[in-house]
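Notes follow once the structure below has been shown.
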There are 2 protein chains.
Amino acid sequence: MDVRTLCLAVLYQGEASGYEIKKAFKEGAFSHFQDASFGSIYPALGRLSTEGLVECTQMAQEKRPDKKVYKLTQSGEDTLITSLLAPPTPDRFTSDFFFVLYFAELLPLPQVIKLLDQRISFYKETIERMTQCDPASLPTGRRLCHGLGLTVYQNSLTYLEENKERFITELRSQHETPRTSSPDTKTKDINLKQIDTNRHAS
Amino acid sequence: MDVRTLCLAVLYQGEASGYEIKKAFKEGAFSHFQDASFGSIYPALGRLSTEGLVECTQMAQEKRPDKKVYKLTQSGEDTLITSLLAPPTPDRFTSDFFFVLYFAELLPLPQVIKLLDQRISFYKETIERMTQCDPASLPTGRRLCHGLGLTVYQNSLTYLEENKERFITELRSQHETPRTSSPDTKTKDINLKQIDTNRHAS
DNA sequence: ATAACATATATCAGCTTGATATATGTTGAA
DNA sequence: TTCAACATATATCAAGCTGATATATGTTAT
């Protein structure tokens, strides 16, 4: 989804400033499956205003910079619904965690352990935050989103906790016995390089 | 990770052309957690060549355009390792599926059912492809990536299958009894708009 | 005190995507 | 048979987006 549609979606839930829209992606309702930066939000709001999909009210504030509060118009609401009806584009998931983990054998063991521990903490914190919300209070669509997302985090945590020790033990034994015979580094690299690139990894 | 590092990573597993590197992201080893387009791969390879991180060999082919095969140099290998040691950036997940599902109440029910069925098919196909690979044959790091990824897909599938019917029934009852009293559309919208934007959704 | 963080908007270099162009071969369906 | 769809192969580019930076001020914790 383009940022303009994302802004309409946030504004559907109530009027907001650019700064508040950013928060919806950073820590709010959409934070687990959409994102947008200030650099795209502010221009998007400008264009949505010009096109009449949102209305802007300048709010003078004491001791704060002026706030521009945007509100969805009927036209904006219609446009949002139309966008929702279009065939969804495929998910996009990019993860340095998976990428680095993939090459675990090439890295110092403490580095890999740190990576896993940080990931476990991340899952725990995310689950903690998500379970503070009572699913029963959410509208139907939001509740399914919430439940599916929470399931993913919970099962990922369980998987990592169940496999962490075995994984580390295995890596350690590979570090101690670098390879079958000679200490020639090339051998290891050549073996790794022969692995089929066209098989699935995660 | 920038596309230059991603190219180094693919080339670490064996020499390849730009086209073949793209395949590693589209359907190959990195397809579940990284992506890159031709528009970024070809310029990246050019720059990596200039910097001496890869070497290029022009391969004349019968009945096919020339192929430029790139190979990692020692310098490129070192650069890859250094990049892997840097603190990983947070995951980025963007999903139209979640985004549309979030607004399920606003859409025609057949549309929502189609969305769920397509998602279930997607999970099934992905799991099918991933289980064709024998995890025991993978190096340690790749095996953990593979296992964690597969777990996510399998649990997502299970969750959707277990909750689909209840979810649809609930949406249907909302469509049949749009709200407590009057058929005034505004009422529904206002209710929805009062929902707290700053709570978690997935 | 003072550093870190929060509110609030805005700009911009640089990177990336998705579409398009070019040229050719293969495969499967009508 | 023909013809569309798909695969191999490289390359370019407008449009969009990120991440950093600038500006101005208030609050909170150390």
Side-chain angles (χ1 to χ4, degrees), chain A residues 1-7 10 15-28 30-31 34-50 54 56-70 83 86-94 96 197-198, chain B residues 1-7 10 15-28 30-31 34-50 54 56-70 83 86-94 96 197-198:
Chain A
M1 284 294 173
D2 55 30
V3 176
R4 291 171 65 243
T5 307
L6 294 182
C7 288
V10 176
E15 48 182 52
S17 65
Y19 189 81
E20 286 161 347
I21 289 172
K22 173 65 187 163
K23 275 216 297 188
F25 298 121
K26 199 186 163 199
E27 41 193 30
F30 298 99
S31 62
Q34 293 293 344
D35 199 10
S37 64
F38 288 125
S40 57
I41 290 171
Y42 285 117
L45 288 171
R47 209 177 131 189
L48 289 169
S49 265
T50 309
V54 301
C56 177
T57 318
Q58 198 103 16
M59 313 269 278
Q61 291 190 119
E62 317 130 29
K63 315 192 171 184
R64 285 257 171 261
D66 274 11
K67 203 178 181 176
K68 287 185 189 170
V69 176
Y70 294 89
S83 299
T89 59
D91 292 1
R92 172 169 296 171
F93 176 62
T94 46
D96 273 15
T197 313
N198 292 321
Chain B
M1 285 293 172
D2 57 29
V3 178
R4 290 171 65 241
T5 307
L6 294 181
C7 288
V10 176
E15 49 181 50
S17 64
Y19 189 81
E20 286 161 348
I21 289 172
K22 173 64 186 161
K23 276 217 296 188
F25 297 120
K26 198 185 162 201
E27 41 193 31
F30 298 99
S31 61
Q34 293 292 346
D35 198 10
S37 64
F38 288 125
S40 57
I41 291 171
Y42 285 118
L45 288 170
R47 208 176 132 190
L48 289 170
S49 264
T50 309
V54 302
C56 178
T57 318
Q58 197 103 15
M59 310 270 277
Q61 291 190 118
E62 317 131 27
K63 316 191 171 186
R64 285 257 170 262
D66 275 12
K67 203 178 182 174
K68 288 184 188 170
V69 176
Y70 294 89
S83 299
T89 59
D91 291 2
R92 172 169 296 172
F93 176 62
T94 46
D96 273 14
T197 314
N198 292 322

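Keep in mind that this is a model prediction, so the values were computed, not measured. Below, chains carry the letters A, B, ... as their sequence lines are ordered, and counting in each starts from 1.
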Return the value, rounded to whole Å, for the distance between atom NZ of B:K22 and atom C1' of D:dA11.
-> 15 Å

With the side chain defined as heavy atoms from C-beta on, A:R47 is closest, among C:dT9, D:dG16, D:dA11, to D:dG16

On DNA chain C, check which nucleotide each of A:G39 and A:V69 is closest to and give me the residue with the more 5' one.
-> A:V69

Whole-Å distance separating the CD atom of A:Q58 from the P atom of C:dT9 = 9 Å

Check A:K26, A:K68, A:K67 against A:E20 for a salt bridge (charged side-chain N to carboxylate O under 4.0 Å, His left out) and give me the one that passes.
-> A:K67

Which residue lies toward the 5' end of DNA chain D, B:S17 or A:M1, if each is placed at its nearest nucleotide?
-> B:S17

Return the nearest nucleotide to the side chain of B:Y19; candidates are D:dT8, C:dA6, D:dT18.
-> D:dT8

OP1 or OP2 of D:dT10 under 4.0 Å from side-chain N/O of B:Y42 | yes

Output the single nucleotide from D:dT8, D:dT18, C:dT17 whose closest atom is nearest the side chain of B:K23.
-> D:dT8

So what does B:G18 hit on the nucleic acid, given a heavy-atom distance under 4.0 Å: a base, only sugar-phosphate, or nothing?
-> sugar-phosphate

For B:F25 and B:L6, run side chain to side chain contact (heavy atoms under 4.5 Å, CB included): C-alpha distance rounded to whole Å, both residues' side-chain angles, the deciding distance at 0.1 Å, then the answer.
-> CA-CA 9 Å; B:F25 297 120; B:L6 294 181; 3.5 Å; yes

Quick one: label B:R4 by what it contacts on the DNA or RNA (base, sugar-phosphate, nothing), any heavy atom closer than 4.0 Å.
-> nothing

Does any N or O in the side chain of B:D96 come within less than 3.5 Å of the main-chain N or O of A:M1, such that one atom is a donor and the other an acceptor?
-> yes

Would you kindly give the CD-to-P distance between B:Q34 and C:dT17, to the nearest whole Å?
-> 10 Å

Taking the side chain of B:S40 as its heavy atoms from C-beta onward, which of D:dA9, C:dT16, C:dT9 lies nearest to it?
-> C:dT16

Can you tell me how far P of C:dT17 sits from CG of B:D2, to the nearest Å?
-> 11 Å

N or O in side chain of B:R92 less than 4.0 angstrom from C:dT16 OP1/OP2 = no

In whole Å, what is the span from the CZ atom of A:F38 to the C1' atom of D:dG16?
-> 18 Å

Using the closest heavy atom to pick a nucleotide of DNA chain C for each, name whichever of A:K26 or A:K68 lands nearer the 5' end.
-> A:K26

Should B:V3 and B:C7 count as side-chain neighbours, where that means a heavy-atom distance under 4.5 Å?
-> yes

Using whole Å, report how far CZ of B:F93 lies from C1' of D:dT18.
-> 19 Å

Would you please classify the geometry between the A:Y19 ring and the A:F38 ring as parallel, tilted or perpendicular, with 30° and 60° separating the classes?
-> parallel

Mind calculating the distance between NZ (A:K67) and C1' (D:dA24) to the nearest angstrom?
-> 17 Å

Between atom CE in B:M59 and atom P in D:dT10, what is the gap in whole Å?
-> 11 Å

